[in-house]
Amino acid sequence: PLRVLLLRLGVVALIFSLQRVAFALLNAGAFPSLSAMAFLGGIRFDLSAIAWLYLPWIVTTLIAPAPKGLFAIGQKVLFHLSNTVCFFLNCIDLEYFKFTLKRSTADLFGIASGGNDLANLVPVFLRDYWYVALIFLVSLALAEVGHRWAAHGWDRAPAKPWWLWRIIAIALVVLMSRGGIQYIPLTAIDASQYAQPAYMPLVLNTPFTFMTSIGKPLLEEKHYMSPEEAERLWPVVHQYGDSALAGQRPNVVTIILESFSAAYSAKLTGAESGYMPFLDSLMGQGLWFTHAYANGRRSIDGIPAVTASMP
């Protein structure tokens, strides 16, 4: 039973490594100089995530290594349920990493559910990133093949003594979950032992970063004064009744349009027609630029980036 358990966990770890290879290939621009140490060190994080996220299946295997009937079905459902969660998280970052430059964490679903158009976007994502869905399905298929292969040739006879292999299995799972025998269990920052900071996402895996970020304290909103007091001390709207105070400088208005591409502008693309004729007309009456370079990674960085060149 111990051999079968370890072989099945080994198959899952191998699939994690293959997904890391796919992650490196699909994001080759972010990792121009690959090193074997990043992949070898990543195995340590893979085993930790597997030990935790496959724990329900591992427990049922320890209870009944050769189940029958409904228990066997339930045990296999738990195995593939863990596969689905882990492979899904890993596959998301195959392409989503390009937008965040980091492994996703527990706030991912909060961001995804922030709008009401997720259901409409899923078909679009499947069409644009069909190969990610294919990698996900192939991973599930490989896990099923590995699950059957691991038990090939096993006569399912009870191991004697019954307790020895279970103690060894529990010890190995505890060791895997902690990431070793060090005093402090494995954390995401430990990836720096195997690669430079820019390559740490290659060492990590998304199930691990997702798992270790659950329950982290969020920023607490502070209220130091009432809105009326804040308005009195620092009014948002400034009224200048005297033209001498305002001076003769031109009135500058900054228009910020969220999630809009230059491809929609006839002025910027040189097309005969576009989707923003009014803004195109404004550009024809003022100063406009053909190139823009983002100094922020996310939409939330847009306002300070445009108004104050921060970050």
Side-chain angles (χ1 to χ4, degrees), residues 8-31 34 38-57 76-115 117-147 176 188 191 194-195 198-214 297-298:
R8 286 171 174 168
L9 292 177
V11 167
V12 174
L14 177 61
I15 296 173
F16 268 60
S17 293
L18 292 175
Q19 290 174 343
R20 178 174 288 104
V21 172
F23 178 77
L25 294 176
L26 292 174
N27 297 279
F31 310 114
L34 298 176
F39 291 90
L40 294 176
I43 297 176
R44 185 182 179 194
F45 293 87
D46 294 345
L47 294 178
S48 178
I50 291 170
W52 282 110
L53 297 176
Y54 285 75
L55 191 58
W57 171 74
K76 198 166 189 179
V77 167
L78 287 177
F79 177 74
H80 283 302
L81 182 62
S82 296
N83 288 332
T84 302
V85 172
C86 292
F87 298 165
F88 177 76
L89 292 175
N90 265 338
C91 287
I92 282 179
D93 272 348
L94 292 179
E95 284 295 338
Y96 189 57
F97 174 79
K98 291 183 174 67
F99 299 92
T100 61
L101 299 182
K102 71 179 186 69
R103 287 284 187 173
S104 296
T105 51
D107 60 354
L108 172 65
F109 291 132
I111 297 173
S113 60
D117 57 348
L118 181 60
N120 297 327
L121 290 175
V122 168
V124 179
F125 292 153
L126 291 176
R127 181 194 65 197
D128 294 343
Y129 303 111
W130 58 268
Y131 49 91
V132 174
L134 180 61
I135 292 174
F136 171 70
L137 294 176
V138 169
S139 298
L140 290 177
L142 289 176
E144 170 61 21
V145 172
H147 186 276
M176 289 164 52
Y194 304 99
Y199 287 78
M200 285 172 58
L202 185 60
V203 180
L204 297 167
N205 62 77
T206 307
F208 182 86
T209 57
F210 193 93
M211 172 188 68
T212 54
S213 61
I214 293 176
R297 296 179 180 177
R298 300 176 297 173

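When a residue number appears, it is its place in the shown sequence, counting from 1.
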Is there side-chain contact between [X] and [Y], with heavy atoms separated by less than 4.5 Å?
X: S17; Y: I43; value: yes
X: R103; Y: M200; value: no
X: V77; Y: W57; value: no

Review point. Residues two or more places apart in sequence or in another chain: which of them pass ring-ring contact (aromatic ring centres under 6.0 Å, His included) with Y199?
Key: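 Testing Y199 for ring-ring contact (aromatic ring centres under 6.0 Å, His included), a comparison that skips the adjacent residues, returns F31.
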Review point. Taking only residues two or more places apart in sequence, or in another chain, which ones meet F39 in a ring-ring contact (aromatic ring centres under 6.0 Å, His included)?
Key: none
Exercise for review: Any pair with a residue in residues 127-141 that passes salt bridge (Lys or Arg N to Asp or Glu O under 4.0 Å), sequence neighbours left out, goes on the list, sorted by first then second residue, please.
Suggested key: none
Review point. Pairs in or reaching into residues 79-88: which pass salt bridge (Lys or Arg N to Asp or Glu O under 4.0 Å), with residues at least two apart or in two chains?
Key: none
For the student: nearest non-hydrogen atoms of [X] and [Y], plus distance:
X: A106; Y: S213; value: N-OG, 2.8 Å
X: F208; Y: A188; value: CE2-N, 3.7 Å
X: G41; Y: V203; value: C-CG1, 4.0 Å
X: H80; Y: L140; value: CE1-O, 4.3 Å
X: A143; Y: F79; value: O-CE2, 3.8 Å

Quick check for you: to the nearest 0.5 Å, what is the distance between [X] atom [atom1] and [Y] atom [atom2]?
X: F23; Y: I135; atom1: CZ; atom2: CD1; answer: 12.0 Å
X: T206; Y: F87; atom1: OG1; atom2: CZ; answer: 13.0 Å
X: F136; Y: T84; atom1: CZ; atom2: OG1; answer: 5.0 Å

side-chain contact (heavy atoms from CB on, under 4.5 Å) with [X]: which residues, sequence neighbours excluded?
X: K98; result: L26, N27, E95
X: V85; result: L89
X: L137; result: none
X: I92; result: F88, Y96, L108

Review point. Excluding sequence neighbours, so at least two apart, what forms side chain to side chain donor-acceptor pair (under 3.5 Å) with T105?
Key: D107
Review point. Can you list every side-chain hydrogen bond (donor to acceptor under 3.5 Å, both in side chains) pair that touches residues 132-141, not counting sequence neighbours?
Key: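 Listed once each, the pairs are Q19-S139.
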Please output the side-chain donor-acceptor pairs of residues 8-15 that fall under 3.5 Å, not counting sequence neighbours, one pair per line with the distance.
from : atom 1 : to   : atom 2 : distance (Å)
R8   : NE     : H147 : O      : 3.0
R8   : NH2    : H147 : O      : 3.1

Under 3.5 Å, which donor-acceptor pairs do the side chains of residues 44-56 form with other protein atoms, sequence neighbours left out?
from : atom 1 : to   : atom 2 : distance (Å)
R44  : NE     : G179 : O      : 2.6
R44  : NH1    : Y194 : OH     : 3.0
R44  : NH2    : G179 : O      : 3.0
R44  : NH2    : Q182 : OE1    : 3.2
D46  : OD1    : R20  : NH2    : 2.8
D46  : OD1    : N205 : ND2    : 2.8
D46  : OD2    : R20  : NH1    : 2.8
D46  : OD2    : R20  : NH2    : 3.4
S48  : OG     : S177 : O      : 2.9
W52  : NE1    : S177 : O      : 3.2
Y54  : OH     : N83  : OD1    : 2.5

Review point. Short question: side chain of D93, backbone of S104 - any donor-acceptor pair under 3.5 Å?
Key: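 Checking the backbone N and O of S104 against the side chain of D93, a donor-acceptor pair under 3.5 Å is found.
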